[in-house]
Amino acid sequence: MKTRLRVAILMTPPTLTLLALFVIPLVVMALFSFRAGTFGAQRDIFTFEHYRAYLDNTVYHNLLLRSAWVALETALYSVLLAFPVAYYLAFHAGSKRFSLLTLLLVPAWTSYLLRVLAWKIMLSSGGVFNAALLALGLVEEAKPILLYTRGAVIITLVYVWIPFVALPIYSALQRIDPSLLEAAADLGSPPWRTFLKVTLPLSLPGVLAGFFIVFIPTLGEWVTPMLVGGVSGSMYGNVIQDQFVRALNWPVGSLMSLVMLGFVLLFLLLFSRIGRLSDLAGV
Amino acid sequence: MKIHALIRALGLSFVALGVFVSACAPAPTASAPTTEAAMPEVGTPEVQATQPLAAPATGGPLTVLEWSGYELPEFWQPFAEQYPDVEVDFSFFADDAEAIAKLQTGFDVDVIHPCYSWVGQYVEADLIQPIDTSRLKNWSGIIPELAELGQYDGKQYFIPWDWGYETTIVRTDKVQEVPDSYLDLWDPQYAGHVSVYDAPESIWVVTALALGLDPYSTTPEQQQQIKQKMIELKPNLLNYWTDYSEIVQLIAGGDVWVASNAWNDAYVLLQEEGIPVEYTTPKEGRLGYVCGYVLSSTAENVDLAYAYIDAAIAPQSMANLSNLYGYGAANRDALPLTDPEVVAALELDNADIISRTYFYKPIDAAMRDLISGIWSEVKAAP
């Protein structure tokens with residue numbers, strides 16, 4: 001009884017918060033997607049028209065797929081770049097581990113917007129990348145080659161995400177029992193095989209967690225594409241933002257958000273077959 | 001908040017006269033308005049002392065839904081003099097859609113500052129009430145063409161205040177030939193160096209005019225034609241610009257050579273920086289916008305609202321707008337008080353400038369939905 005009461009007391013605040021700030025708004029959003037208009041009399045008319053129009057319009061489906069591809073690439077590169085960092089921290093940093101970890105996280109303490117704008121300057125025609133290319137004679141005139149492309153969106157996002165991906169991988173690596181590695185070495189396994197057969201499989205939960213930490217928010221990203229994506233880098237999130245803020249078309253904006261939510265859930269289900277969800281939660 | 005502090009400081013200056021003014025002066029951004037605005041007020045307490053009936057406090061606070069940056073006391077100073085005890089609460093919006101959204105979701109205000117092309121939607125949704133212009137003593141100076149814009153069903157709903165251009169800025173040192181039509185935005189010689197304003201209405205009007213169509217009266221086929229044309233523009237674009245500082249930087253940095261829908265102040269600023277730019281007049285005409293004041297249908301302080309609007313269209317308030325921000329004033333009487341350089345740069349003294357400008361027209365909610373939908377699809381297209 002006593003434990004039950006304690007559990008109930010502990011669970012109440014998060015449950016209420018989730019209910020008030022997540023579940024109810026989600027239901028409101030779902031209801032809104034059936035409304036004919038945002039305000040006035042139109043608001044009270046319920047219709048399936050938006051869904052029909054949305055399903056007919058392949059432009060948005062393609063955009064969602066392209067955004068998913070951007071998110072996939074971003075997550076993949078983030079994991080690939082963060083893994084060596086996490087590996088070094090876990091196995092080779094020794095006593096410097098804590099200071100290095102702090103250094104890794106320091107950029108995350110500054111404003112996200114500031115970091116995106118910094119990349120905007122670096123990728124611009126007057127930035128370091130162009131200066132280097134000009135000096136090497138690879139380009140003839142100063143042009144923002146990288147800025148305002150999908151590539152710029154991926155570069156910026158990968159940079160922003162690396163610390164957040166490194167953390168779960170680091171914690172997974174740290175939990176590997178050193179005796180397993182020693183045993184592998186004793187039995188004559190070369191380091192690369194130990195890595196492939198022992199370290200990597202045991203770090204997979206951390207890798208998958210890192211992957212999803214990036215993939216899910218990136219799919220709905222709109223700030224970075226707006227600032228550095230230009231014409232070709234527009235993502236699904238930008239269109240959703242436009243629907244709410246510019247077009248004042250809340251029903252269609254809600255519908256598109258719901259579609260994206262469903263899409264993410266689909267991915268999660270798909271990936272949960274590779275690594276069990278409980279493993280992710282266990283990190 | 002800054003403004004509240006400022007008003008309070010001004011109120012106190014009645015007692016302490018100049019002492020507080022100098023105390024407030026170091027406050028960031030508020031320093032200039034404080035000293036300037038306080039100067040004439042030094043005289044008012046004496047008037048009040050001899051004529052106690054002159055300025056009775058009558059309720060308030062007056063709430064104004066305003067673009068940020070327009071809350072400066074220079075723009076409504078006569079009101080502060082007439083009602084020194086009435087607080088003015090400013091609430092801000094970043095674009096017209098946001099203002100409509102705020103009002104539609106039950107935000108009560110007295111005065112709103114929308115742009116003209118949105119006023120129809122305010123009337124349609126019953127958000128505003130007609131204004132009796134005989135209660136505005138500065139009304140006589142308003143440019144008739146602009147005044148006429150604000151009428152719906154023969155009633156004046158909209159008091160024009162600021163107007164300005166939206167046209168193409170060109171880096172004359174970067175291009176071989178300066179574009180003379182909106183159609184030139186599609187010219188491949190500018191490929192990768194064109195930027196257009198990320199606003200459905202602006203891009204719609206520019207594209208329709210480039211195609212020789214009337215933006216405000218299109219058939220469904222023409223709408224598809226406009227959409228197709230918008231998609232065809234994408235390879236020529238560097239980006240869609242979203243805010244003023246962004247486009248100024250892009251032009252100054254030399255990445256953008258041809259920028260559509262740029263405002264007067266962008267041109268004024270670039271010129272001051274010594275960057276070779278031309279503020280073009282395409283053969284379809286420069287685009288123009290007018291913004292102004294409307295009276296909320298739920299206004300609780302109607303008398304104060306009238307006094308505020310009247311103070312805003314006073315010649316000195318309007319001249320302050322032109323001098324500080326470089327926008328056109330709706331009141332002709334402001335011209336003699338305006339900095340000659342600003343007048344020259346914007347051709348404000350040109351008698352037919354208003355009639356030569358292609359002003360945005362009001363569009364209803366259905367048309368706005370259509371344009372926004374098309375623009376979203378254009379952006380989503382690969």
Side-chain angles (χ1 to χ4, degrees), chain A residues 36-43 50 53-54 57-67 117 120-121 123-127 130 141-145 147-150 152 225-236 238-253 256, chain B residues 93-106 118 121 124-127 174 191-196 198-201 227 230-231 233-243 246 249-250 252-256 365-366 368-382:
Chain A
T38 313
F39 310 114
Q42 291 283 306
R43 192 176 185 274
H50 300 311
Y54 181 86
N57 200 334
T58 51
V59 173
Y60 295 134
H61 307 218
N62 293 336
L63 184 66
L64 184 58
L65 289 178
R66 283 208 309 278
S67 304
L117 287 173
K120 194 170 175 171
I121 292 168
L123 296 173
S124 72
S125 60
N130 261 290
E141 56 159 344
K143 257 177 86 175
I145 310 174
L147 191 57
Y148 302 121
T149 60
R150 200 170 299 160
M226 190 178 83
L227 290 170
V228 302
V231 177
S232 60
S234 271
M235 286 174 69
Y236 196 72
N238 295 86
V239 176
I240 295 182
Q241 195 241 357
D242 268 0
Q243 294 298 337
F244 277 103
V245 178
R246 288 232 177 75
L248 288 184
N249 200 337
W250 297 359
V252 172
M256 294 180 80
Chain B
F93 58 92
D95 63 33
D96 276 293
E98 189 189 334
I100 288 250
K102 275 190 173 180
L103 293 165
Q104 289 272 29
T105 46
W118 288 77
Q121 262 174 278
E124 212 177 325
D126 227 1
L127 292 170
K174 300 274 188 185
H193 296 285
V194 180
S195 184
V196 295
D198 185 1
E201 198 181 345
K227 177 179 156 188
M230 286 177 178
I231 294 174
L233 181 60
K234 293 180 87 168
N236 235 25
L237 295 176
L238 176 69
N239 75 332
Y240 303 118
W241 65 273
T242 50
D243 72 66
E246 181 187 16
Q249 278 170 22
L250 283 172
D255 288 342
V256 166
R368 203 173 285 283
D369 278 354
L370 177 92
I371 293 178
S372 308
I374 286 180
W375 181 231
S376 282
E377 285 182 39
V378 169
K379 278 171 101 175

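Heavy-atom basis, side chains included; hydrogens, waters and symmetry copies ignored. Below, chain A is the first sequence line, B the second, and so on; all start at residue 1.
Taking chain A as the reference chain and counting heavy-atom pairs below 4.5 Å, the highest number among Leu238(B), Asp96(B), Ile100(B) is found for Leu238(B). Chain B forms more heavy-atom pairs under 4.5 Å with one residue of Leu227(A), Val252(A), Leu63(A), Val231(A) than with any other, namely Val231(A).
With rounding to the nearest 0.5 Å, the separation of CG in Asn236(B) from NE2 in His193(B) is 10.0 Å. Summarising the geometry, atom OG belonging to Ser124(A) is positioned 9.5 Å from atom CD belonging to Gln249(B); distances are rounded to the nearest 0.5 Å. Between Tyr60(A) atom OH and Leu65(A) atom CG the span is 15.0 Å, to the nearest 0.5 Å.
If you measure heavy-atom distances from Ser234(A) to chain B, the contacts under 4.5 Å come from the side chain alone. If you measure heavy-atom distances from Ala125(B) to chain A, you find no contacts under 4.5 Å at all. Looking at Gln42(A), neither its backbone nor its side chain comes within 4.5 Å of chain B, counting heavy atoms on both sides. For Arg246(A), the parts lying under 4.5 angstrom from a heavy atom of chain B are both the backbone and the side chain. Proximity to chain A (any heavy atom under 4.5 Å) is shown, for Pro382(B), by both the backbone and the side chain. With a threshold of 4.5 angstrom between heavy atoms, Leu250(B) approaches chain A through side-chain atoms but not through N, CA, C or O. Proximity to chain A (any heavy atom under 4.5 Å) is shown, for Ser376(B), by both the backbone and the side chain. Looking at Asp198(B), both its backbone and its side chain come within 4.5 Å of chain A, counting heavy atoms on both sides. Neither the backbone nor the side chain of Glu201(B) comes within contact range of chain A; no heavy atoms are under 4.5 Å apart. Residue Asn57(A) touches chain B through its side chain alone, counting heavy-atom pairs closer than 4.5 Å.
For the pair Arg43(A) and Trp250(A), the cation-pi criterion (under 6.0 Å, within 45° of the ring axis) is not fulfilled.
Taking the six-membered ring for Trp and thresholds of 30 and 60 degrees, Tyr240(B) and Trp375(B) have ring planes more than 60 degrees apart, a perpendicular arrangement.
Tyr148(A) places no side-chain N or O within donor-acceptor distance of the main-chain N or O of Gly192(B), the cut-off being under 3.5 Å.
Phe244(A) pairs in a side chain to side chain contact (heavy atoms under 4.5 Å, CB included) with only one of the listed residues (Ile240(A), Leu248(A), Asp242(A)), which is Ile240(A).
Of all heavy-atom pairs between Gly230(A) and Asn239(B), the closest is CA-CB, 3.9 Å.
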